[in-house]
Amino acid sequence: MKKIIILFSGNGTNLEKIIDSDHNHVDYEVVGAIASNSVCKGIKRAEDRGVPVSIVDSVQYKDRLSFDIALSQKLQEYDYDLIVFAGFMRILTQFFFTQERKIVNIHPSVLPAFKGYKALRRSFNSETKDTGISIHWVTKELDEGKIIKTVPLGKLTKDETYDEFKERIQQLEHKTYPEVIANLIL
Ligand code: GRF
């Protein structure tokens with residue numbers, strides 16, 4: 001059974017599903033959550049589920065390195081096997097990767113298509129077949145780490161709106177991410 005810590009910055013719907021899928025620590029145990037933003041919705045989602053949230057608020061740090069040092073110090077307070085990024089909107093410096101850590105991320109496209117920010121919007125606008133989701137290991141290169149699983153979503157229907165598309169992607173993420181975390185062998 002692996003111990004995981006969830007890092008997030010925003011809405012926290014993936015965080016919520018990951019916590020809800022932690023059924024009595026059979027496959028994994030959520031030992032904590034860290035937010036990079038003190039006012040995001042995910043904080044309440046975690047706390048409502050009994051997972052205390054630490055905040056390392058990015059606006060309090062003068063540069064990326066200072067934030068990464070503070071985040072690394074905060075992580076030292078936890079005993080964990082795996083870091084799970086769930087909408088963690090930070091680009092990390094080399095410093096963060098000098099320590100040996102296993103980190104996974106979820107991204108709303110079939111990588112390597114649409115790396116980086118606004119991936120969902122860009123994939124929607126493109127109308128290519130690379131819509132879907134990817135779960136991958138995190139390295140210092142943005143969205144470049146080894147892919148663990150991709151799930152294509154299929155073509156958009158002609159009349160689908162962006163919000164409908166986003167909803168389908170999120171449902172896929174919510175089903176897939178907890179399963180992948182549960183099945184990961186570290
Ligand atoms: C997800 O779409 C994920 O793919 C991306 O950020 C979004 C986070 O959503 N990395 P939420 O905060 O889990 O609702």
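In this chain, residues are counted from 1 in sequence order. Remember, it's 1-based here, ligands and their atoms both numbered in the order they're listed.
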Would Glu160 and Arg168 pass as an ion pair if we require N to O under 4.0 Å?
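A salt bridge is present here (some side-chain N lies under 4.0 Å from a carboxylate O).
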Could you pull out, from [options], the option with a heavy atom nearest to [atom]?
| atom | options | value |
| --- | --- | --- |
| atom 8 (C) of ligand 1 | Gly87, Ser9, Gly10 | Gly87 |
| atom 11 (P) of ligand 1 | Thr13, Ile135, Ile6 | Thr13 |
| atom 4 (O) of ligand 1 | Glu173, His107, Lys17 | Glu173 |
| atom 10 (N) of ligand 1 | Ile106, Asp143, Leu120 | Ile106 |

Below 4.0 Å from any atom of ligand 1, is there a heavy atom belonging to Gly42?
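Contact check Gly42 vs ligand 1: negative.
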By number and element, which atoms of ligand 1 are closer than 4.0 Å to a non-hydrogen atom of Asn11?
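With Asn11 as reference, the close atoms of ligand 1 come out as 12 (O), 14 (O).
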Side-chain donor/acceptor of [X] to backbone N/O of [Y], under 3.5 Å:
| X | Y | value |
| --- | --- | --- |
| Ser134 | Ser109 | yes |
| Arg90 | Asp68 | no |
| Lys2 | Ile181 | yes |

A cation-pi test, strictly: NZ or CZ of Arg64 under 6.0 Å from the centre of the six-membered ring of Phe95 and no more than 45 degrees from its axis. Yes or no?
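Ring-cation test returns no.
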Pick from Asn14, Asn37, Ile34, Ile43: which one makes a side-chain contact (heavy atoms from CB on, under 4.5 Å) with Phe8?
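The residue from Asn14, Asn37, Ile34, Ile43 that satisfies side-chain contact (heavy atoms from CB on, under 4.5 Å) with Phe8 turns out to be Ile43.
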Please determine if Gly12 has a nitrogen or oxygen closer than 3.5 Å to a nitrogen or oxygen of ligand 1.
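N/O-N/O distance below 3.5 Å exists for this pair.
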List the closest protein heavy-atom neighbour of atom 9 (O) of ligand 1: residue, atom name, distance to the nearest 0.1 Å.
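Protein heavy atom with the smallest distance to atom 9 (O) of ligand 1: Asn14 ND2, 3.8 Å.
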